[in-house]
Amino acid sequence: MFNLILFGPPGAGKGTHSIRLMDQYGLVHISTGDIFRAEITNKTELGTKAKAFMDKGELVPDEIVLGMLFSVMDRFNDAKGFVFDGFPRTIVQAEKFEEMLEVRKMPITLVISLDVDDEELIRRLVKRGLESGRTDDTEEIIRQRLNVYNKQTKPLLDFYTKKKLLHSIHGLGTIDDIFNNICKKIDFI
Ligand code: AMP
């Protein structure tokens, strides 16, 4: 079983590359952000709860994210592997996730971090907001999301480095070049 975490700040390209990885390696793509947005569109109770945090650029509380993730994963018992996009985002999420994976005997194979500097991230996200209408892609909320990333999510780099799972990839350049670099790391494993 191949379980990949695609890690990086908002705007690093996690979504774009996850979709390609899903096609290339036959993995199930789990994006917690996409799941929350679908719940919001469907006006579910979970969507309403998540929206209150997402609109402010804050993280949805760990227990909500974890409950949602575990129930989604239960739907894919026969998957040959997963690509996790936007999860985990806190140390608590990473620890609970690890416990859950241990029980299911499906360890994390690799964590790939896409490195992009803040000014480039802001430029990309403002552009995405204009094109897609995503309500959390406005400059004020983007800056808040980057603050939250630096405080709550970035410590995971150290967490996964210590576990010898982390590989960093330069996230600037053409999408094809970055994707090829990701594939090289995966194929090397
Ligand atoms: P994303 O599409 O990954 O950029 O996520 C959009 C928003 O959804 C984030 O700014 C958070 O509010 C929320 N979100 C997505 N994934 C998580 C997660 N793993 N933990 C907490 N909040 C999340």
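These values consider heavy atoms only, across backbone and side chains, with no hydrogens, waters or symmetry-generated copies. Atoms within a ligand are numbered from 1 in the order they appear, just like the ligands themselves.
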Ignoring hydrogens and geometry, is there a side-chain-to-backbone donor-acceptor pair from Ser113 to Ser168 under 3.5 Å? no

Is ligand 1 less than 4.0 angstrom away from at least one heavy atom of Lys14?
no

heavy-atom search around atom 18 (C) of ligand 1 in the protein gives Arg89 CD, 3.4 Å

inquiry  = Parallel, tilted or perpendicular: which one describes the rings of Phe76 and Phe82, with boundaries at 30° and 60°?
reply    = perpendicular

So the atoms of ligand 1 within less than 4.0 Å of a heavy atom of Arg37 turn out to be 2 (O), 6 (C)

query: With under 30° as parallel and over 60° as perpendicular, where do the rings of Phe2 and Tyr25 fit, or are they tilted in between?
result: parallel

Legend entry - Lys51 side chain vs Phe36 backbone, donor-acceptor pair below 3.5 Å: no

One finds that the ligand 1 atoms under 4.0 Å from a non-hydrogen atom of Arg134 are 1 (P), 2 (O), 4 (O), 6 (C)

message: Pairs of nitrogen or oxygen atoms closer than 3.5 Å, one from Val60 and one from ligand 1: do any exist?
response: yes

Met54 heavy atoms within 4.0 Å reach ligand 1 at atoms 7 (C), 8 (O), 12 (O), 13 (C)

Ranked by distance from atom 12 (O) of ligand 1, the top protein heavy atom is Glu58 O, 2.6 Å

* Less than 3.5 Å between some nitrogen or oxygen of Asp136 and one of ligand 1, yes or no? -> no

- Under 3.5 Å, is there a donor-acceptor pair between the His29 and Asp85 side chains? yes

*asked:* Less than 3.5 Å apart, any donor N or O on the side chain of Thr90 or Gln152 sitting next to an acceptor on the other?
replied: no

Ignoring angles and geometry beyond distance, decide whether Gly57 reaches within less than 3.5 Å of ligand 1 through its nitrogen or oxygen atoms. no

Practice problem: Compute the minimum heavy-atom distance from Lys56 to ligand 1 and say whether it is under 4.0 Å. | Solution: no

State whether the number of non-hydrogen atoms from other residues, nucleotides or ligands found under 6.0 Å of Leu172 atom CG is greater than 12. yes

So for ligand 1, is Asp34 a polar contact partner (N or O within less than 3.5 Å, distance only)?
no

Practice item. Give a yes or no on whether the backbone of Asn3 and the side-chain of Thr109 come within a donor-acceptor separation of less than 3.5 Å. Key: yes

When distances are taken from atom 16 (N) of ligand 1, the protein heavy atom at minimum range is Thr32 OG1, 2.7 Å

If you scan protein heavy atoms around atom 10 (O) of ligand 1, the nearest is Arg145 NE, 4.0 Å

Atom 20 (N) of ligand 1: closest protein heavy atom, distance to 0.1 Å, is Gln93 NE2, 2.9 Å

